[in-house]
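Report on the following structure.
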Amino acid sequence: MGRSIVWTVFQKEMRDLFRDQKTWIGTFFIPLVLVPFVFFLLGHSFSNVEEEARSHVPIAVQGNGELMEQLKAIPGISFPKTADPHAALQKGELRAIVTIPDGFDEQIARGGTAELKVEYDSGNQKSVYAREAIEEAVAAYSGKVIAKRLQQAGLSAQAIEPVHAVYATVAAEELPGGVLAGVLPLVLVVSLASGGVAVANDLIAGERERGTLESLLTAPIAASQLLTAKLLTVMVMSCASAAASLVSMALIMRFGPFSRAGLPIASLSPLSVLLILLTVLLLSAFFAGLELLLSTLSRSVKEGQTYMSGVLFLAMIPSYMLMPLHPADISLPYHVLPVFNGVALLKEVLHGMPDPAHALLGFGTAFLYVVAVISVSARLFRREGAALKP
Amino acid sequence: MIEVHQVSKRFGAFTALQDVSFRVEAGEVYGLLGENGAGKTTLMRLMATILRPTQGEIEIAGFSVTREPEAVRRRIGILFGGDVGLYSRLTARENIAYFGSLYGLEKTQIAAQIERLSRMFEMEPFLDRRVGSFSRGMRQKVAIARTLVHDPAVILLDEPTTGLDVSAANLFRRMIRMLQEEGKTILFSSHNMSEIDKLCRRIAVMHQGRLLFAGSVDALRQKYGVHDLDELFMTVVEGGGR
């Protein structure tokens with residue numbers, strides 16, 4: 001009977017939620033459609049600007065020298081005639097002004113260092129691209145001069161490169177640990193916390209405001225059954241939100257403008273997947289319990305919304321604090337503190353180096369926090385008059 | 001059927017009910033009359049086991065609200081006025097069925113009850129529409145059907161006609177009479193004396209948490225020698241029940 005009541009309430013909550021267009025918009029449309037669309041739009045805009053900047057590089061050159069030949073080799077370069085180059089640069093008609101001083105070639109020929117002045121507009125992305133193109137041309141020209149000087153001195157190129165270092169990463173090849181293990185826990189933890197906020201607020205504070213909670217508590221069901229069903233509902237919505245954010249991230253990484261790498265979740269071992277799922281489950285239970293507790297405490301939906309913003313901070317602070325740290329640098333207290341323990345464990349797993357002791361400690365403490373937060377929540381929910389409007 | 005015995009309820013320093021006693025017989029429609037703040041809703045909530053009395057005892061169908069709350073809840077159906085406590089994104093049928101499931105009814109029993117209640121309250125045309133689009137009267141019908149889905153012996157109606165227009169209030173009174181014919185025990189609270197007079201032979205008059213009178217409307221008229229209902233109510237309140 002108890003289980004069937006929990007299932008009945010859970011089914012009703014899910015049906016009610018999925019008939020609410022706010023659920024579809026907040027949980028699925030925004031992360032799965034809107035966020036990737038904004039990224040694609042952003043990327044499209046960036047690539048358009050870059051293409052335009054590369055294909056058309058109008059600059060002004062004041063003075064003359066051998067460097068001119070190298071500058072003329074820049075793809076898309078042009079030298080339009082302008083009466084006032086500085087005004088044209090500010091208007092964006094020119095991307096840069098190169099000033100080659102008198103005696104430039106002679107200074108180089110004497111073996112000295114000639115000064116070259118390049119003016120550009122750092123606030124204009126196209127001008128920044130022009131600066132980069134000029135930098136490359138200058139570097140190429142400098143390389144030629146250096147080679148010539150070395151030849152004249154009877155030296156080889158190795159003479160100015162006494163050490164040639166080769167750098168190799170030891171990070172797991174399939175998991176680009178640095179970026180992914182930094183960002184993924186943040187996305188997961190924040191979406192687990194945020195995914196349940198509106199639902200939890202509606203399921204207790206909202207129901208109380210609409211008078212449905214009072215009617216519900218006149219039925220012969222235990223408050224704990226009701227709370228269990230509501231907890232499961234919030235957990236499911238939190239996990240759905242986290243899953244939608246993961247898919248969104250995978251779409252952006254696979255098809256987005258900045259990377260074609262994709263989200264290498266498929267390359268995770270079964271043990272890693274299990275550890276991630278357990279962590280997600282415990283975190284979602286913790287956030288759901290906490291959110292229901294706040295919803296029970298708040299006297300209105302509006303008040304609940306204010307309280308809930310604290311939950312988002314609770315998710316963001318550990319994620320951001322641990323983001324730049326390598327798992328080996330995460331000290332023991334972080335494996336015990338709430339939410340920090342989940343983030344730390346996720347980082348270890350995503351770096352391909354889960355520590356069994358840390359996993360046990362993290363799961364154990366996370367379980368205790370879940371029990372504590374749900375117990376307090378249940379106690380508040382069962383208190384006299386909890387269903388009544390204040 | 002309902003026995004209220006020297007019940008008091010305090011919220012901190014505030015006394016919401018003070019030493020209230022009365023008895024409602026089986027099959028009776030009993031009126032609980034009082035202005036806003038008289039303590040009617042608090043008393044209903046004590047009967048519904050949502051609140052616990054500070055002192056005294058309430059028994060419903062032989063069960064104590066403090067010692068056997070679940071048994072009491074199985075035997076009562078309660079409808080709070082103002083907010084009728086329906087889920088607006090569910091259909092009328094789903095709302096009623098949901099409460100049927102919470103009372104442990106089988107699917108076939110729920111279906112039969114919905115069939116019976118929808119015929120009784122003429123709800124067939126909108127049974128499968130979502131409640132969010134309903135008029136106040138339609139919502140009230142669904143709410144009372146939900147209250148009756150488990151066929152309770154005792155029905156508690158707290159200001160059920162609040163916000164209803166004249167025709168909806170009339171329809172509601174017809175529904176009460178139908179339930180009375182089915183032998184239900186009904187406790188009906190209102191701040192409207194004429195409404196109570198149309199439905200109830202016996203009443204309890206409450207004011208500021210105290211019971212001023214409990215007995216038949218005729219006895220009340222005789223005691224004060226006043227026939228006009230509103231004037232009668234004011235006489236009782238101003239005289240403090242003396």
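Keep in mind the model is a prediction, meaning the values are calculated, not measured. Any value given below was found using the heavy atoms of this structure, including those in side chains, with hydrogens, waters and symmetry copies removed. Lettering follows sequence order; numbering is per chain, from 1.
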Can you tell me which portion of A/L213 sits under 4.5 Å from chain B's heavy atoms? Options are side chain, backbone, both or neither. neither

Under 4.5 Å from any heavy atom of chain B - which part of A/E207: side chain

Pi-cation contact, B/F134 with B/R139 (under 6.0 Å, within 45°): no

Selection from A/L217, A/L17, A/L216 maximising heavy-atom pairs under 4.5 Å formed with chain B: A/L216

Stepwise ring-ring contact (aromatic ring centres under 6.0 Å, His included) test for B/Y30 and B/F188: CA-CA 6 Å; B/Y30 195 92; B/F188 179 94; over 10 Å; no

Quick one: do the B/E94 and B/Y98 side chains pair a donor with an acceptor below 3.5 Å? no

Test: B/K9 cationic atom under 6.0 Å from B/F11 six-membered ring centre, within 45° of axis: yes

Which atoms of B/I50 come close to chain A, meaning under 4.5 Å heavy atom to heavy atom: side chain ones, backbone ones, both, or neither? both

